[in-house]
Amino acid sequence: MDDGAELVQLLTPEGERVHHPVYSVDLTDAEYRGLYRDLVLVRRIDAEATALQRQGELGIWASLLGQEAAQVGAGRAMLPEDFAFPTYREHGVAWCRDVDPLHLLALFRGVNLGGWDPNEHNFNLYTIVIGSQTLHATGYAMGMQYDGAESATLAFFGDGASSQGDVNEAFVWAASFNAPIVFYCQNNQWAISEPLELQSRQPLYKRALGFGFPGVRVDGNDVLASLAVTKAALEHARAGGGPTLIEAFTYRMGAHTTSDDPTRYRLSSELEAWKLKDPIERVRSFLFKNQLADASFFEELDAESEALATTLRDGVRAMADPDPLSIFDTVYAELTPLLTEQRDTFERYLAGFAEENA
Amino acid sequence: MDDGAELVQLLTPEGERVHHPVYSVDLTDAEYRGLYRDLVLVRRIDAEATALQRQGELGIWASLLGQEAAQVGAGRAMLPEDFAFPTYREHGVAWCRDVDPLHLLALFRGVNLGGWDPNEHNFNLYTIVIGSQTLHATGYAMGMQYDGAESATLAFFGDGASSQGDVNEAFVWAASFNAPIVFYCQNNQWAISEPLELQSRQPLYKRALGFGFPGVRVDGNDVLASLAVTKAALEHARAGGGPTLIEAFTYRMGAHTTSDDPTRYRLSSELEAWKLKDPIERVRSFLFKNQLADASFFEELDAESEALATTLRDGVRAMADPDPLSIFDTVYAELTPLLTEQRDTFERYLAGFAEENA
Amino acid sequence: MPPITLAKALNEGLRKALEKDDKVLIMGEDVGKLGGVFRVTDGLQKDFGESRVIDTPLAESGIIGTAIGLALRGFRPVCEIQFDGFVYPAFDQIVSQLAKYRNRAAGKIAMPVTIRIPFGGGIGAVEHHSESPEAYFCHTAGLKVVACSNPVDAYFMIQQAIASADPIVFFEPKRRYWDKADLDVTASPAPLESARVLRTGTDATLVTYGPTVRVCMEAAIAAEDEGRSIEVIDLRSLSPLDLPPIVASAEKTGRVVVVHEAPSECSLSSEIAARISEAAFFSLQAPVLRVTGFDTPYPPSRVEEDYLPDLDRVLEAVDRSLAY
Amino acid sequence: MPPITLAKALNEGLRKALEKDDKVLIMGEDVGKLGGVFRVTDGLQKDFGESRVIDTPLAESGIIGTAIGLALRGFRPVCEIQFDGFVYPAFDQIVSQLAKYRNRAAGKIAMPVTIRIPFGGGIGAVEHHSESPEAYFCHTAGLKVVACSNPVDAYFMIQQAIASADPIVFFEPKRRYWDKADLDVTASPAPLESARVLRTGTDATLVTYGPTVRVCMEAAIAAEDEGRSIEVIDLRSLSPLDLPPIVASAEKTGRVVVVHEAPSECSLSSEIAARISEAAFFSLQAPVLRVTGFDTPYPPSRVEEDYLPDLDRVLEAVDRSLAY
Ligand SMILES: Cc1ncc(C[n+]2csc(CCOP(=O)(O)OP(=O)(O)O)c2C)c(N)n1
Ligand SMILES: Cc1ncc(C[n+]2csc(CCOP(=O)(O)OP(=O)(O)O)c2C)c(N)n1
Ligand SMILES: [Mg+2]
Ligand SMILES: [Mg+2]
């Protein structure tokens, strides 16, 4: 199914820039370095989170290892007024939207259910129920349209999610209302243990043909191509051209989550093959070959990366557990009589314990 | 959107046979007459039901007026072992599957919720929740596959239904399991008051492209084309070729149901235009032109039609209301303690009334 | 103004809401040109345009899912579900997203979405058109659930629901759409989340909501002829419940019968019986009795009168209660 | 045989069912090679093949909808929903189709479909992985709902559920998957729809099911130390309820506390309180009390211990009951 001919690529795994008849990027040296920095730091956040989970600091972690380019490319293609709707794995997009990674860690630690303000970052809360957010993104895009805003939404979902009714309804709605939305499917080849072939017998970007809007497959391990294709699709949407489906062809290099054991269902040779297409290595080699960055850049980035990791470690370890009474506080705009009663009773109950232990 | 070029047609509105490079039928004179008879009788059933509703004998009726050819063509394409999954409007298919029309009338009268045995006719009960039956049909087709049966299912749905998550999930499943199923969408241009354009910006048969199986648009007012295309798709499915989506392009000539008032949302000129494409007239004119039927045939059919209408009228009027206690009887294989209690209490309660009134 | 039907009162209430706040949107199947199958949105698209009154594709999950996105963008969508039995495709979006969004966001996001659902039986319809699914939503934390029973409440409650910062499932008693009443639009309505004592009495209390309010009122009147004084409470708000007036009534009469069309298991009447039995434990002269739809699927319409709680079944329960 | 975990007991029960009847199919997300995220179907695809143990595309409505079609064709599908919070996309197929099919067909069609759902909290998971949605299904006529609480019941009940002619929602207490017990596969199990008195007592009755059975047993043992004799009933069948042993116990002890993780409004505890309050009206010394999850969304896992009914909250309720 890996149909190379269809794949938009601007940077080969070997770090060579290649020409594409439709898509291109034209970045300054600093911007190239910026993308590299994003990729490195995002991977570092991810590695640190995985480590913290192993140490028992997080309940679970969903690693983006291997998907950094797909996410950074998409995230950096957005304008501030655009709005992203992530799944639970878009740590790289969160990074691009300036969401403090500690918010992500707090969620996976079990301290809250989504700590940031979506409207502050134009980055929705993580959505765990597969596919739901694609409809939210479509509705939000309709709202942009009604507001006359020249902006667009970017809806993230996985290859597995493409089978959900909601995702296909989102396609129906987006087409019907010609909504300014880009559907961004990271096809990382797996939905937990299920290979892509179980969900679809043809490349996923072709799903769009069934709904009457364009679909594109991009090399999701190529940050430049991911950026270029997403940028073009967002511009198309903002200009009133309607929805696009982007399939970012990539690979989940790690387990589904820290609870998963991929050795049960896939061969390590597959991973080895994909390692050769690593999304970061190719940018590094591109920067080197073209002398876009010197040794000090890499050194500073290493240091920044270490510092970031330390911040995360310290931040997570310092996180207080929520106040038990906060369970009641934001269910409704105001406490209902029942919740007031439950809260008061529980407060007295906790106080009783505190006394007993005093 | 009426893209004539895409439409498979074998019989023009004027009753001329036309050649199609892919699809053909080769019927005996008797078979041609048989199709005409089906169309006429099915329309008669429908007209009678509408009249009975007006007389207060039925609670509601969903007319198939205008869709006779789409349904008879599909119904007659089936083999006995195939299995049909109707919506609530497939009276013509029910006819082809030898379901007594009185069963249909009983349902719309409110006497039962589906009176026939699906397994006796390989024709499922009517399904009112839009789209649900497409998944049942897919599951049933998977079962045929597991059984090694060389048969297929035929799943009916409407243009409006194409927007439902379930229908698209059925496409996903059918493609994934290469199930022996034919999806038969009667695009009658309207979902109650909503025109097709609200559901899809491109012809519906193209939806299949998004899921990786073939889609065909057939003139749903042409019984020969509907028959030929469905037959081919069923054969393809039975032979292991997997799913096909057929869009039968037709028109709902009546109201959505007897409760509906289409003058609120569509122009009568639209109906006038479609009257020229009437599914029955063209067969009549074909039979005439080619001298496939003589006057006595038409006379006998008229008589048969009248007799059928009388049978229906009498049958409906003679229908007894269900026993109130039957409400409890088929919820589970056996009455639960709660239902036994409710049934007994209700029985005593009814008996109390009977006594009071005695 | 001449007496107004419940359907028309809703229509007027929606119109008011659309006029007052241009963030209010109406969306659903056939709500535009057709004005809804019950004509509740009649004329609104004509007057407010296609981007305020939106005919959507045919998929309920899509309706609620996009409404959530619109709410996030600052709109106040009012979604119509065409019939009770068609809300289930949207159940996931309602239960896992709409109900939980505010709490997920620790209060930073509001979800002012109203879901209008015509509910209940008695109109001679086919399957799925006569259900009473309110308990599913009452069991769902994060939602509020209300039901109107008359034109006046319909007019005010729909506006209050739309103005609420919380997601509200708004049940409309479809067989009462054509009931009429005088409407004074200048009156000031009771709070949305308050129950109302419709009729005071001393011998027993009937607690109900939606379409069976009229049944209970008729039962109370019939009981009066037999010298029984029956109190009738219209819950109006199903979640949260306004318990104080119900408990007060239970303490006064000592006998409570809860009436609704929905089946009994894990229903509103279970909940009310449980709460009253606890709160008025020492006052109850009889157990809280329940007159409900049977625990079966809604039957074919030719026997629906047997399924639906009617005057006689209510009176019979009152008798049983009084016999304790 | 050494002691067996609840997860493994289910696995053995499923294996038995697959062996006994070749119409039995297992279907769901990741049930094949992976053996399910809790390994309940571990090894079954390897032994029975891909057309008996079927990895499906990722869509719950599709799973239940196709299972219905398979049942119509004569199969007995056992569907796995990966976590409680992911059953809602299938709600429409479950409530409007699966539950109603037999009745729609006036008994001519059976729907022997089992839906397995790991449920409840306490495993430190993220949102949607710790819910207790059983009341939604108990409120739905046409479904049966059961919950196992220990490995022995798990082994037998799953086989009984699969053998049933009715659709069954089968709840598995996920935080008890690793609880162990001795299993005698030759024993003859109690009927699926029967409750079980796990421990007799005279002062008060705890009624519960699933994951809180262990909590209640521990509470009863702790209470014993304080000289209180507590009866514990494991419901096992949530719908239909096996009321006689509960009523008998209520009549004996006069005091009943119902315990579950689900929120309280329109829940199993509402239903049981309503039924007991009626059936044992003259015997109750105290109102039926309820110890449940709060009426909020399930909280972040770092405070889930505060949300879940635990030994102390159960004992506190017993004290309150005894104080009446
Ligand atoms: C509705 C629903 N069903 C099941 C799950 C459990 N689940 C979590 S992630 C996942 C696989 C998702 O695969 P994909 O969409 O490809 O995204 P990826 O995890 O690969 O990024 C599943 C089945 C869920 N979260 N939501
Ligand atoms: C899930 C669901 N939502 C809404 C309805 C109400 N409804 C009945 S028929 C219909 C329109 C169906 O249109 P289409 O699929 O084109 O079929 P047609 O009636 O034209 O044959 C609607 C909205 C329903 N039956 N089920
Ligand atoms: Mg994936
Ligand atoms: Mg239609």
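All values reported here derive from a predicted model rather than from experimental measurement. Just so we're on the same page: letters track the sequence lines, and every chain starts at 1.
Residue contact with chain C, scored on non-hydrogen atoms closer than 4.5 Å, is absent for A:S326. Of the atoms belonging to C:R52, not a single heavy atom falls under 4.5 Å from chain A. Both the backbone and the side chain of A:D117 come within contact range of chain C, with heavy atoms under 4.5 Å apart. If you measure heavy-atom distances from A:A333 to chain C, the contacts under 4.5 Å come from both the backbone and the side chain. The part of C:I54 that comes within reach of chain A is its side chain, from C-beta onward, which places non-hydrogen atoms under 4.5 angstrom from that chain. Contacts between A:S176 and chain C at a heavy-atom distance below 4.5 Å involve the side chain alone, from C-beta outward. Using a 4.5 Å cut-off between heavy atoms, A:D329 does not touch chain C at all.
The pair C:D242-C:R236 fails the salt-bridge criterion, with no side-chain N (NZ, NE, NH1 or NH2) lying under 4.0 Å from an Asp/Glu carboxylate O. C:R102 and C:D166 are joined by a salt bridge, as a carboxylate oxygen and a charged side-chain nitrogen come within less than 4.0 angstrom of each other.
Aromatic ring pairs are classed by plane angle as parallel below 30°, tilted from 30° to 60° and perpendicular above 60°; the pair A:F108 and A:W61 is perpendicular.
For C:R104 and C:Y101, the positive end sits near the middle of the six-membered ring, less than 6.0 Å away and at most 45° from its axis.
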- Check step by step if ring-ring contact (aromatic ring centres under 6.0 Å, His included) holds for C:F86 and C:Y88. CA-CA 6 Å; C:F86 306 138; C:Y88 309 121; 8.9 Å; no
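The one candidate from A:F123, A:Y126, A:F156 that meets the ring-ring contact (aromatic ring centres under 6.0 Å, His included) condition with A:H91 is A:Y126.
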